[in-house]
Novice: 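My questions all concern the structure below.
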Amino acid sequence: MDNPFIEAVASPGLLETAATVTPLGNGLRIDISVRNPSQTSYSEVRAEEVRVRFNAHPKLVMEHGWQSWSVVGPRRADRPRASQRMAPFWVRAMLHADPSAAGRYVAGDQFLLAADGFGSDRNDAGIIGALSGNHNLTTVTPLPGPSSRTDSQSTSLWTICHLDGISLKPGEERRLDPLYVAAGDPGEIYSTYLDLVAGESKARNTAKSPLGWCTWYHYYLKVKPQDIIANTLIASRHGFEVIQVDDCFQSSLGDWTTYNPAFDGGRMAGLVAEIAAHGMQPGIWTAPFLASPKSSVVNAHPDWVCLDRKHKPLKANWNPVGWGGWGLALDTTNPAVLEHLRKTYASLAADGWTYHKIDFLYAAAMAGQRSRQSRFTRAESIRMGLEAVREGMGEDAYLLGCGCPLAQAVGIVDAMRVSPDTAALWSTHALRLPGYPDTVPSLRSALRMTLLRAPMHRRLWVNDPDCILVRDTRTRLTPRERRIGAGVIVGTGGLRILSDDLATYGSKEWELIDEINAIHRIFDKPLHILDPFARTIKVVPEDSRQAAGNAANTPMLQADVVHVTGRAAHTSISL
Ligand code: 9PG
């Protein structure tokens, strides 16, 4: 890549940038640091962002949102979804690293894969992304701007390293997360980039990819301990490894160690014992960085909550049915909050929970006011929160992230949700968020994102494609759609978590489960997409990539649920 151009934005004053460019893989690694060059002791500067302009001008890119539920898909670089500007602020702040860019620019948070616009003739595909997420959030975005060619209307790729206003003392220097840029075959550079991220961020990518069961997508908030016990008994006869209790048990959002009387929380200890006695791992859902204004934690410590621009508590999610209203964001730059998190997860671990689905993690990195924001970027804020949670539960606990900015969790989580919520229906028409049709629960959306993020599996972590729903009662999925769902999930190697009432299964359902269990191991490897911009997405295990396309018996998942707007068009697995 030629001519990266770097500028730093600070207020007030000046920031100096320095960059080192070294060859890496088939591309370049760019290490950037910023420094306050002032020599006068009172001239602190606030670093807002560092922007790097690349001389690349793509027309077609892979839009990629910053967290598990955000959209991933091919999109024209000059076609942002304008309706996103009408979405409530918290929705934009939940789904984008930079909520003010929503609906104004097409963005690749963490990385942007482009189908064209790179290389000397501008026809090559390319990728630009951050190799780690320890220091700052990174967004790559095509913006109108100067091109080396005559067409002044052209776009350039800008990479924005978000420093969020941290203050630098005179002479103080900060390293940013390194960037990577490469041109070449789009499937190839996608896999190579993720390999490099895994290495740079010391990914935990060798945990198991279990068969399990989760309460959520059949029982939702109405689950009772007896339902969990009934499913545990059935699951134990079919080789399940995990039983995970989802949102339902807590006395209030944020109070994870006291229980909801309506759930019969008194039986939580009994549940752990029952699940463990049947040889499975007891799993629990929590949202560590959220708390209800009515929770004991917020009442005892109102100063643990982040604030918004108007100095009101920062509203991170609106859920009137589940949580009685707003979930507020906790301030993970506050050492007392970090200590609280360590204690909470140590206590859950002591109670016997060994598998944790931690959810709504973006809250710790949302734009907002934090007590030590002059020292810590938003990336560092969530990273400290995740580290505290991991420390509390211990290295041996199985940790699954959800609703999580991706780059910040590499090296901490064992598994990561890579899709929006699934549902027992193909695509949702009734419930729509303006500008975010793909974030509303549906099987189609979950499968789309799962397919396009398949190469993350066993590179960054174990992928969680969200639950498998194959029941034939209380569903709007046709038998064919259920098979497509199970097929894409097994063909992308990740977690197989069923979320039906297992008592409703007949021999057809169990046969389908046996079928996917039999082929899971073939795809539970680093995976490769032959062409991420193709209409039919073809996923092959990395170790049989050379043979792909030649040998008839190459394991391959082919699916084109990605581009169709109506019903599922096609999916197949060949072995
Ligand atoms: C429990 C659920 C389940 C589910 C999670 C998460 O506002 N939102 O956009 C939004 C997205 C996802 C979501 C809830 C709200 O679901 O993904 O598996 O655990 O929480 O409440």
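When a ligand or atom number is given, it counts from 1 through the structure's own listing order.
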Novice: Which ligand 1 atoms does R417 reach within 4.0 Å, using its non-hydrogen atoms?
Specialist: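 Near R417, the atoms of ligand 1 are 17 (O), 18 (O).
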
Novice: Can you tell me the protein heavy atom closest to atom 9 (O) of ligand 1 and the distance?
Specialist: M94 CE, 3.1 Å

Novice: Give a yes-or-no answer on whether the side chains of T258 and S251 include a donor-acceptor pair shorter than 3.5 Å.
Specialist: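 T258 vs S251: donor-acceptor pair found between side chains.
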
Novice: For the residue pair W304 and H301, does the interplanar ring angle fall in the parallel (under 30°), tilted (30 to 60°) or perpendicular (over 60°) class?
Specialist: parallel

Novice: Begin from the C-alpha positions of H64 and F111 and carry the test ring pair (Phe, Tyr, Trp, His ring centres under 6.0 Å) through to its verdict.
Specialist: CA-CA 7 Å; H64 185 267; F111 68 91; 4.4 Å; yes

Novice: When rounded to the nearest 0.5 angstrom, what is the spacing between CG in N136 and OG1 in T377?
Specialist: 6.5 Å

Novice: Mind telling me whether F360 and W69 have parallel, tilted or perpendicular rings, with 30° and 60° as the class edges?
Specialist: perpendicular

Novice: Applying a 4.0 Å heavy-atom criterion (strictly less than), which segment of N317 is in contact with ligand 1: side chain, backbone, both, or neither?
Specialist: side chain

Novice: Nearest protein heavy atom to atom 5 (C) of ligand 1, by residue and atom, and its distance?
Specialist: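 Its nearest protein heavy-atom neighbour is D359 OD2, 3.1 Å.
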
Novice: What part of V91, side chain from CB on, backbone N/CA/C/O, both or neither, has a heavy atom under 4.0 Å from ligand 1?
Specialist: neither

Novice: Assess whether a salt bridge exists between D466 and R417, defined as any Lys/Arg side-chain N lying under 4.0 Å from an Asp/Glu carboxylate O.
Specialist: yes

Novice: Identify the closest protein heavy atom to atom 4 (C) of ligand 1: which residue and atom is it, and at what distance?
Specialist: D421 OD2, 3.3 Å

Novice: Looking at ligand 1, would C402 count as a contact under a 4.0 Å heavy-atom criterion?
Specialist: yes

Novice: Taking 4.0 Å as the limit for heavy-atom contacts, which would you say applies to P420 with ligand 1: side chain only, backbone only, both, or neither?
Specialist: neither

Novice: Does the plane of the ring in W285 sit parallel, tilted or perpendicular to the ring in F249? Use 30° and 60° as the thresholds.
Specialist: perpendicular

Novice: Looking only at distances, can you tell me whether any N or O atom of D466, backbone or side chain, sits closer than 3.5 Å to an N or O atom of ligand 1?
Specialist: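 No; every N/O pair is 3.5 Å or more apart.
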
Novice: Which is it for W353 and W256 under the ring pair (Phe, Tyr, Trp, His ring centres under 6.0 Å) test, yes or no, and what are the steps along the way?
Specialist: CA-CA 12 Å; W353 301 102; W256 307 113; over 10 Å; no

Novice: Show the numbers, then the answer: is there a salt bridge (charged side-chain N to carboxylate O under 4.0 Å, His left out) between E395 and R204?
Specialist: CA-CA 11 Å; E395 283 295 307; R204 294 171 71 109; 2.8 Å; yes

Novice: Taking the minimum heavy-atom distance to atom 18 (O) of ligand 1, which of W216, Y217, W69 ranks first?
Specialist: Y217

Novice: Sort out for me which residue in T206, D524, N205 forms a side-chain hydrogen bond (donor to acceptor under 3.5 Å, both in side chains) with R458.
Specialist: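 Among the candidates, only D524 passes.
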
Novice: Report yes if some N/O of W323 lies less than 3.5 Å from some N/O of ligand 1; otherwise report no.
Specialist: no

Novice: With heavy-atom distances below 4.0 Å as the criterion, list the atoms of ligand 1 near K357.
Specialist: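 Those atoms are 3 (C), 4 (C), 18 (O), 19 (O).
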
Novice: Mark up the atoms of ligand 1 that fall under 4.0 Å of a heavy atom belonging to F360, in ascending order.
Specialist: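 Answer, ordered by atom number: 6 (C), 13 (C), 14 (C), 15 (C), 20 (O).
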
Novice: Looking at atom 21 (O) of ligand 1, what's its closest protein heavy atom, distance included?
Specialist: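 That would be D247 OD2, 2.8 Å.
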
Novice: With heavy atoms of D246 as the reference, note each atom of ligand 1 found under 4.0 Å away.
Specialist: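 What qualifies from ligand 1 is 1 (C), 3 (C), 19 (O).
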
